[in-house]
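Worth saying up front: this structure is predicted, and the values here are computed from it rather than measured. Lettering of chains follows the sequences in order, A, B, ..., and the numbering in each one begins at 1.
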Number of protein chains: 2
Amino acid sequence: MKFDRMSSAGYLVNNLGRLLVEKLRTRIAPLGIVPGQFPALLALWEQDGLTQKELLAMLDIEQATLANTLTRMERDGLIVRKEHPADARARTIHLTDQGRSIRDPAHLAAMQINQEILADFSEKETQEFLDYMRRIIAKVKEAEEPN
Amino acid sequence: MKFDRMSSAGYLVNNLGRLLVEKLRTRIAPLGIVPGQFPALLALWEQDGLTQKELLAMLDIEQATLANTLTRMERDGLIVRKEHPADARARTIHLTDQGRSIRDPAHLAAMQINQEILADFSEKETQEFLDYMRRIIAKVKEAEEPN
DNA sequence: TAGCATTGCATGGCTAGCTATGTAATAATA
DNA sequence: TATTATTACATAGCTAGCCATGCAATGCTA
């Protein structure tokens, strides 16, 4: 009985995931950000001044992971956290000028990577691939939350 | 200009990768192993007594990552490292009885996950999906090593 | 309104990936 | 053969994910 990694969806997804994170890392390094900060930045570029809880609701990571990522983002001068006007437990999260300024090149880097890795794919194949991914994600999430 | 994560191949691959790692983690926890150990175990189940270098050549991780994983595997009683008969720098890696004994259930867990997440896929769709993944992986690797 | 439950966030400890670097052993060479 | 280069592996330090837990503030309720 043999297990062939190249025929294992799980193995392939994981392997590609790591490759793409590293690719993104090198692309966005000049902007002073790292891959883990990307989803939070995307959300904050859409809407600034959120609380951690509100931001968390937009992301697919755990609260503790976000808290640590935000701490590093603050350290790196991308965001500042201000006291919440009405709730002393909460803090609102605001992009700095620097955090705001890298929006376009960061978007571009991510879009270029997506485009490059799918350069040999037809439009139909690209859509099929994205659809397969979304279907599997939905399936996994449904399995872990049967409600 | 908006960036839609659900249309980003990179984001989707990553998101799914994490979901699947966690799924695997819960499945194999009863066996006393964790996902990072899986590839090394697969290789050792195929061939025991390899050096770290030989094992590394079969895996898609960096040397330092493997060294740390092997240390944890030894700590957890899955492997032992013995002195190499001819080269005092190297050590040969051997499965313990415990490491050997979990082979079948571990294989089964991984195969079941692959099967479950693709349960709604036709055979054709499954093959297409795997093929798309392999094509993209090849593309990314080719891009980073133009030779 | 006093006490308890809940909430918002932070922290600790783990796995697992990465790069860079150290160290001892081996191999190559001047 | 003495020195230098290379090799095999380990270690340090980082990001980034996870779960469990702590703590202060807020909300609820008897």
Participant: Starting at the 5' end of DNA chain C, which residue's closest nucleotide do you reach first, B:Gly36 or A:Leu70?
Facilitator: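 Going by which nucleotide is closer to the 5' end, it is A:Leu70.
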
Participant: Contact class for B:Thr51 (heavy atom, under 4.0 Å): base, sugar-phosphate, or nothing?
Facilitator: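 Sugar-phosphate, backbone atoms only, no base.
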
Participant: For A:Ala86 and for B:Glu54, locate the closest nucleotide of DNA chain D by heavy-atom distance; then report the residue assigned to the nucleotide nearer the 5' terminus.
Facilitator: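 Between the two, 5'-proximity favours B:Glu54.
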
Participant: Roughly, in whole Å, what's the span from CD in B:Glu83 to P in C:dA24?
Facilitator: 17 Å

Participant: Expressed in angstrom and rounded to an integer, what is the separation of A:Ile61 atom CD1 from C:dA10 atom P?
Facilitator: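 Result: 13 Å.
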
Participant: Distance check needed: D:dA8 C1' versus B:Ile93 CD1, whole Å only.
Facilitator: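 One finds 11 Å between C1' of D:dA8 and CD1 of B:Ile93, rounded.
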
Participant: Give the rounded distance in Å between these two atoms: CD1 of B:Ile79 and P of D:dC9.
Facilitator: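 The distance from CD1 of B:Ile79 to P of D:dC9 comes to 12 Å, rounded to the nearest Å.
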
Participant: When you check the phosphate oxygens OP1 and OP2 of C:dA10, does a side-chain N or O of A:Gln52 lie under 4.0 Å from one of them?
Facilitator: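 Result: yes.
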
Participant: Would you say A:Arg72 places a side-chain N or O within less than 4.0 Å of OP1 or OP2 belonging to D:dG17?
Facilitator: no

Participant: Among the candidates D:dC19, C:dT7, C:dC18, find the nucleotide nearest to the side-chain atoms of B:Asn68.
Facilitator: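 Output: C:dC18.
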
Participant: Starting at CD of B:Glu22 and ending at C1' of C:dT15, how long is that distance when rounded to a whole Å?
Facilitator: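 One finds 10 Å between C1' of C:dT15 and CD of B:Glu22, rounded.
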
Participant: Once you apply a heavy-atom cut-off of 4.0 Å, does B:Leu66 come out as touching a base, just sugar-phosphate, or nothing?
Facilitator: nothing

Participant: Check every atom of C:dT11, C:dG17, D:dC18 against the side chain of A:Ala67 and return the nucleotide holding the closest atom.
Facilitator: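 The closest nucleotide is C:dT11.
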
Participant: Over 60° means perpendicular and under 30° means parallel, so tell me whether A:Phe121 and B:Tyr132 are parallel, tilted or perpendicular.
Facilitator: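 The rings of A:Phe121 and B:Tyr132 sit tilted, inter-plane angle from 30° to 60°.
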
Participant: Report which part of the nucleic acid B:Asp87 touches: base, sugar-phosphate, or nothing (heavy-atom distance under 4.0 Å, all strands).
Facilitator: sugar-phosphate

Participant: Could you check B:Asp60 against B:Arg75 and say which one's nearest nucleotide on DNA chain C is further toward the 5' end?
Facilitator: B:Arg75

Participant: Taking B:Gln98 as the fixed residue, which of B:Leu78, B:Ile33, B:Asp76 is the one that meets the side-chain contact (heavy atoms from CB on, under 4.5 Å) rule?
Facilitator: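 Passing option: B:Leu78.
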
Participant: For A:Leu24 and C:dG17, give me the distance from atom CG to atom P, rounded to whole Å.
Facilitator: 19 Å

Participant: Kindly assign one of parallel, tilted or perpendicular to the pair A:Phe38 and A:Trp45, based on the angle between their ring planes and the thresholds 30° and 60°.
Facilitator: perpendicular

Participant: Give the nucleotide from the list C:dC9, C:dC18, D:dG17 with an atom nearest to the side chain of B:Glu62.
Facilitator: C:dC18

Participant: Go nucleotide by nucleotide along DNA chain D from the 5' end; which of A:Val34 and A:Arg89 gets its closest nucleotide reached first?
Facilitator: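 By nearest-heavy-atom nucleotide position, the 5'-most residue is A:Val34.
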
Participant: Checking only heavy atoms, does the side chain of B:Gln63 share a donor-acceptor pair with the base of D:dA8 at less than 3.5 Å?
Facilitator: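 Absent.
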
Participant: Charged N to carboxylate O below 4.0 Å: is that the case for A:Lys53 and A:Asp87?
Facilitator: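 So A:Lys53 does not pair with A:Asp87 through a salt bridge.
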
Participant: By nearest atom, which of the nucleotides D:dA8, C:dT15, C:dA20 is closest to the B:Lys53 side chain?
Facilitator: D:dA8

Participant: Can you tell me how far P of C:dG17 sits from CZ of B:Arg25, to the nearest Å?
Facilitator: 10 Å

Participant: In terms of side-chain geometry, is the basic nitrogen of B:Lys139 or A:Asp120 positioned less than 4.0 Å from the acidic oxygen of its partner?
Facilitator: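 Between A:Asp120 and B:Lys139 there is a salt bridge, with a charged N closer than 4.0 Å to a carboxylate O.
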
Participant: Kindly point out which of D:dA10, C:dC18, C:dA16 is positioned nearest to the side chain of B:Thr65?
Facilitator: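 My answer, after comparing the listed nucleotides, is C:dC18.
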
Participant: Calculate the interatomic distance between B:Met73 atom CE and D:dA10 atom P; express it in whole Å.
Facilitator: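 Distance, rounded to whole Å: 13 Å.
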
Participant: Identify which nucleotide among C:dT15, D:dC9, C:dG17 has an atom closest to any side-chain atom of A:Arg18, counting heavy atoms from C-beta outward.
Facilitator: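 Out of C:dT15, D:dC9, C:dG17, the nucleotide with an atom closest to A:Arg18's side chain is C:dG17.
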
Participant: Is A:Arg18 salt-bridged to A:Glu22, cutoff N-O under 4.0 Å?
Facilitator: no

